[in-house]
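Some notes on the structure that comes next.
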Amino acid sequence: MATAPSDYVFQDEFTADSTYETGEAVSLWKDAWRRLTSNYFALFGLAVIVLLLLVAIVSQFWTPYPTWKQGIGPTYGGPSAAHPFGLDQVGRDILSRLMGGAAIALAVGLGTALLSSIIGIALGLLAGFYRGWVDTVISLLINVWYGIPDLLVVMLFVVIINSRELKWIIVAISITAWLNMARLVRGQTLALREREFVEAARSIGTRDVGLLTRHILPNALGPIIVQATYLIPAAILFEAFLSFLGLGAPPPEPSWGAMCAEGYKSLQLAAHVTLVPAFALAITLIALNAFGDGLRDALDPRMRR
Amino acid sequence: MTLEASPEVESRVVDKQLALVSVEDVTKHFPIGAGLLGGGSAVRAVDGVSFEVRAGETLGLVGESGCGKSTLGRVIAQLHPATSGKVIFQGQDLVPMRGEKLRRMRQELQMIFQDPYASLNPRMTVGEIIGEPLKNFGLARGKERSNRVHEVMRTCGLNPNFLNRYPHEFSGGQRQRIGIARALVLNPTFIVADEPISALDVSIQAQIVNLMEDLQNRFKLTYLFIAHDLSVVRHLSDRVAVMYLGKIMEIADSHSIYENPLHPYTKALLSSIPIPDPDLEAKRQPILLQGEIPSPVNPPSGCRFHTRCPIAQFPICSEQVPPLESKVDGHLAACHFAGQL
């Protein structure tokens, strides 16, 4: 047959096609952002998170009083102009400690989410992609790990490491928190590896590393981000719990959990010492969960209208 | 340097007597329900298939849904490992190849997929998709790579200005061009096209078929063209193979398959094609096959087609597997009563 000049073919087709295709040219991320910003509960969550981040950053350079300094006012002093949230059992300024606590909470939340996501994603990708004995070993590890109480693991870890520095607390929580992420990524990988574009990528000679990083991981990113946002509040709560038990960051670190623990003995005498950090913790958790829910709805393609 | 002028294309042989790919007794079984103690059965998707694809030709592979034609295509393209048999390409058996050696072979052997929506990664731009094969084999980088991608896009009828767009911004026909460009960019010798037009609008189908013919002539390509109906491959194929339930029923030149089908199954398939002429169409008498296509888990004994064959004679057809053998010069059919319908 006669060879067609290469130009004529595209002229024909794409002018006809591009007209009705451009209307749909909204990427998944833009679409998700549009849905997220129309969800007021999620926006409230986002606003609180931004505020918290600002406070945490400011606290690293300035707080009204040093977070550790005792006796700057009357012990159990109530709220006043100089000390809007009052003073605690050794006369420290609660506002200053609350600000410092925001930094600790966010460091633990973000650090744990990051570290446990890396562990979970790596193991989930390997199990889902290679299947066979790799999957058997990793799935067995996940199931056994599920059976062991998180608190026990963290306590043992803290004892063995013999340090309660914040970075070790983050590591300790992370080694208990990766399980759900690993399960999620494994499931996503099992489904994605059978998709035709992954098969196509194999046919053009893409190596396993490329299949995982260019084809499978980017397509699983939506659920991964949602899962990671849920990890943040869970880790903050867990750290508060550890501090409450006296296993978290050592005094005089102003962890919210530790502040609650120190205050609850005098709950009837000076409720504000406990209530202020507890309220801060609660509103942070609500905000993060609200944002996580909003993100899930925004990224779920079934919600696409 | 343009693609056509490259020494690889210059030295490529077009000799329609010479086998480029030889498929020898290939089977592909998917085990099902294998318990702890083993003993599960298997879907016998491809069950002992032998044929060859000759240098520079288009071999059409036709069959109903579920007959194993797509599986066979994937086995030949080494996307599924064969259960047994050989796929000899350029003198080497691909079946035992693994890892890097197999990956290197893929440069010569490409695939075009059926569904242009599912076969392109939605998270990559068109430029990344078409450039990826070059990246995988370290063939061109930077400016050189983008020049190659531009050139291939133009060759396949795509506007290179759309390099940074995502697949969902294109229509089905354009996406299939992207898929073709991706297969072509490595300058392969052999392309397995798995129903490349069946997901497209009829008006676009002809464009894609013309593009593929154009590319075949310019780059001396060899195609295995899989389709589910005979009318599509008629225009395009030098030879046609008809598959039923994991086996080849008939292989012959396009002309003799359409003018003188020997196998009753081929005859039934041909008689079901509507004729675009009202007078002839009114006189057309389709051979209606009885029943459903049997399960490939437990295929019929003897000739697999005997349960639906209008001319089957018992007990021979249900007991003896008819060999795929030459009936009239070079026209192969697997039927005890070839040409009697």
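Protein chains get the first letters and strands the later ones, always in sequence-line order, with residue 1 at the start of each. All of these numbers come straight from a predicted model, not from anything done at the bench.
For a residue to count as touching a neighbouring chain, one of its non-hydrogen atoms must lie under 4.5 Å from one of that chain's; by this rule B:Ala118 touches chain A with backbone and side chain alike. Only the backbone of B:Leu109 comes within contact range of chain A, with at least one heavy atom under 4.5 Å from a heavy atom of that chain. For chain A, the nearby part of B:Leu186 is the side chain; its heavy atoms alone come within less than 4.5 Å.
In this structure the side chain of B:Lys101 reaches within 4.5 angstrom of the side chain of B:Gln92, judged on heavy atoms.
Taking the centre and axis of the six-membered ring of A:Phe129, the NZ or CZ atom of A:Arg193 falls inside the cone set by 45° and 6.0 Å.
Contacts with chain A were tallied for B:Gln216, B:Arg182, B:Arg74; B:Arg74 has the most, counting heavy-atom pairs under 4.5 Å. When each of B:Glu128, B:Arg104, B:Glu100, B:Lys135 is checked for heavy-atom pairs under 4.5 Å with chain A, B:Lys135 comes out on top. Options A:Arg207, A:Arg202, A:Arg195 differ in how many heavy-atom pairs under 4.5 Å they form with chain B, and the most are formed by A:Arg207. Of the residues considered (B:Met105, B:Gln114, B:Gln107, B:Met124), B:Met124 shows the highest number of contacts with chain A, using heavy-atom pairs under 4.5 Å.
Panel note: side chain B:Arg175, backbone B:Glu169; no donor-acceptor pair is recorded below 3.5 Å. Not a single donor-acceptor pair under 3.5 Å links the side chain of B:Glu132 to the backbone N or O of B:Ile129.
Classification of the B:Phe30-B:His80 ring pair by plane angle, with boundaries at 30° and 60°, yields perpendicular.
Each of A:Asn289, A:Leu52, A:Leu51 was checked for a side-chain contact (heavy atoms from CB on, under 4.5 Å) with A:Thr284, and the lone residue meeting it is A:Leu52.
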